[in-house]
Amino acid sequence: MLSDVRTQPFQPGRGPLSPGSRAGLGAALALLAIVVAVELADGRPAHYLALMVVAPFLAAALASWRVVLVVGGLATAIGIGFAVAERGSPLVTAVNVTAVGAATVIAAATAAIRQRQADRIAELSRLASVAQQAVLRPLGPQVGTLAVAARYISSTATAEIGGDLYEVMDTPYGVRMIIGDVRGKGLDAVRLASIVLGSYRHVAYERADLRAVVTDLDRAVARNVGDEDFVTAALVEERGGTLTIVNCGHPPPLLLRRGAVIPLEPPAPAPPLGFMPVVRPRVERLEPGDRLLLFTDGLGEARRDGEFFPTADRAWRLLGHGTVADGLASLETALVEWVHGRLDDDIALVLMEYVGPRSATASPLPSWEVGAADG
């Protein structure tokens, strides 16, 4: 769910200085102080005023153009002060002061351009974050008889959006889940992921058989991709404690039960969506406390020095404690530490725990029936 809180963009000059502006101003003032100290120690005539042209450019690297003008104005005033103090205002000092003024104008223009570019990048990043939340809606913490948590780990620090997808819904046919991975990256992958999720959110409520859901999704993918594009996906249904899984070329989910980790391989391999997969369901009976990890192939490909992350070996220790959200947090921390913060592909993770069958007496009476019952 997107937050309703609206933030106002920072307006330069209308509030406290940003950390970058403070750093740029501090560095520039420190340089001016050093130049002034050296000039005073050296005596007349002034020899080092030309160094002050660096100050506005130093401020421009981090601060706003207004801060650059303040620094440049201060540097120019210092130069004029030294020029007045000298006899006859030597030509060299006058040229240095003029250079400082010219450098201030150029640095201020540079800072303004840099700020516009930074604002544009920040806006694009914000839009990407909003698009990510629109495509991948927050899950849980409880869907039907399942405690659910999800996590999306981006391989790019400057982007939080990609072609991995997931969804969990409570439907008339039980709690249904999908996790998938679109071939490729960028906006085309995001577009296809949104198409798959949009189709799934509709057909999951309409089709009683998961194989029919796969057929509909395959058609949606085939209508919107090229010859070499596809989507791997695993679809899961929990109904009355029975787990049904169909797999279209996707990494098999991991079932965590009493300290054991069981890969739920499909009875027969099937191609990804887009290649007309014919799937065979795998059916498992769940026990209260069972956990199921769904993930995209970025987790299986995470490695350091050629050694892959040992997901199956460490899954129970990382995922079997606390809440499902705690488990995913532990997995992400261990994974990022393993690869030293460098991932080759995005990773989507969904962890769920079967909490047991629904109680027939757990549903409260509607508010309009409470009074009738009391009467």
Side-chain angles (χ1 to χ4, degrees), residues 139-151 165-181 200 203-205 207-215 217 232-273 277-297 299-300 310-325 327-328 331 348-359:
L139 302 182
Q142 187 83 20
V143 182
T145 59
L146 300 174
V148 181
R151 222 167 178 90
L165 58 99
Y166 54 76
E167 182 61 286
V168 179
M169 299 184 300
D170 195 0
T171 75
Y173 310 106
V175 179
R176 285 182 163 178
M177 299 145 266
I178 184 174
I179 189 163
D181 190 357
Y200 177 76
V203 299
Y205 284 95
R207 306 298 187 192
D209 193 326
L210 280 182
R211 289 170 293 188
V213 176
V214 168
T215 300
L217 294 180
T232 67
L235 285 76
V236 180
E237 175 186 286
E238 183 278 320
R239 187 175 188 179
T242 298
L243 191 71
T244 304
I245 306 170
V246 294
N247 196 314
C248 304
H250 198 77
L254 299 180
L255 176 64
L256 286 71
R257 173 178 293 167
R258 299 192 300 270
V261 179
I262 307 167
L264 300 182
E265 299 281 355
L273 299 174
V278 177
V279 295
R280 290 179 56 190
R282 173 164 181 166
V283 179
E284 295 284 336
R285 189 65 186 172
L286 290 175
E287 301 174 3
D290 283 353
R291 291 190 174 187
L292 186 70
L293 175 67
L294 307 177
F295 57 94
T296 54
D297 60 5
L299 179 61
T311 303
D313 294 340
R314 302 180 64 179
W316 178 259
R317 187 165 71 252
L318 294 172
L319 301 171
H321 70 93
T323 66
V324 287
L328 285 187
L331 177 59
L349 303 169
V350 179
L351 182 64
M352 57 200 69
E353 179 178 347
Y354 178 60
V355 297
R358 289 176 173 147
S359 173

Is there a side-chain contact between [X] and [Y] (heavy atoms, below 4.5 Å)?
{"X": "Val148", "Y": "Val324", "value": "no"}
{"X": "Leu139", "Y": "Tyr166", "value": "yes"}
{"X": "Leu217", "Y": "Ile178", "value": "yes"}
{"X": "Arg211", "Y": "Pro281", "value": "yes"}
{"X": "Met352", "Y": "Glu238", "value": "no"}
{"X": "Leu146", "Y": "Asp170", "value": "no"}

Looking only at non-hydrogen atoms, find the nearest pair between [X] and [Y] and report the distance.
{"X": "Val261", "Y": "Ala312", "result": "CG2-O, 3.7 Å"}
{"X": "Pro277", "Y": "Cys248", "result": "CG-SG, 4.0 Å"}
{"X": "Pro253", "Y": "Leu292", "result": "CB-CD1, 3.8 Å"}
{"X": "Tyr205", "Y": "Met169", "result": "CE1-SD, 3.7 Å"}
{"X": "Ala149", "Y": "Leu328", "result": "O-CD1, 3.4 Å"}

Using atom types as modelled and distance alone, determine if a side-chain donor or acceptor of [X] lies under 3.5 Å from a backbone N or O of [Y].
{"X": "Arg176", "Y": "Thr171", "value": "no"}
{"X": "His250", "Y": "Phe295", "value": "yes"}
{"X": "Glu265", "Y": "Pro267", "value": "no"}
{"X": "Tyr200", "Y": "Met177", "value": "yes"}

What pairs with Glu284 under side-chain contact (heavy atoms from CB on, under 4.5 Å), at least two apart in sequence or on another chain?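 Leu243, Leu264, Arg282.
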Can you tell me how far CG of Asp209 sits from OG1 of Thr215, rounded to the nearest 0.5 angstrom?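 The distance works out to 8.5 Å.
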Distance from Arg257 atom CZ to Ile262 atom CD1, nearest 0.5 Å?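 These two atoms lie 5.5 Å from each other.
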Run the numbers on Leu273 and Val214 for side chain to side chain contact (heavy atoms under 4.5 Å, CB included), then give the verdict. CA-CA 8 Å; Leu273 299 174; Val214 168; 4.1 Å; yes
List the steps, then state whether side chain to side chain contact (heavy atoms under 4.5 Å, CB included) holds for Thr232 with Asp297. CA-CA 9 Å; Thr232 67; Asp297 60 5; 5.6 Å; no
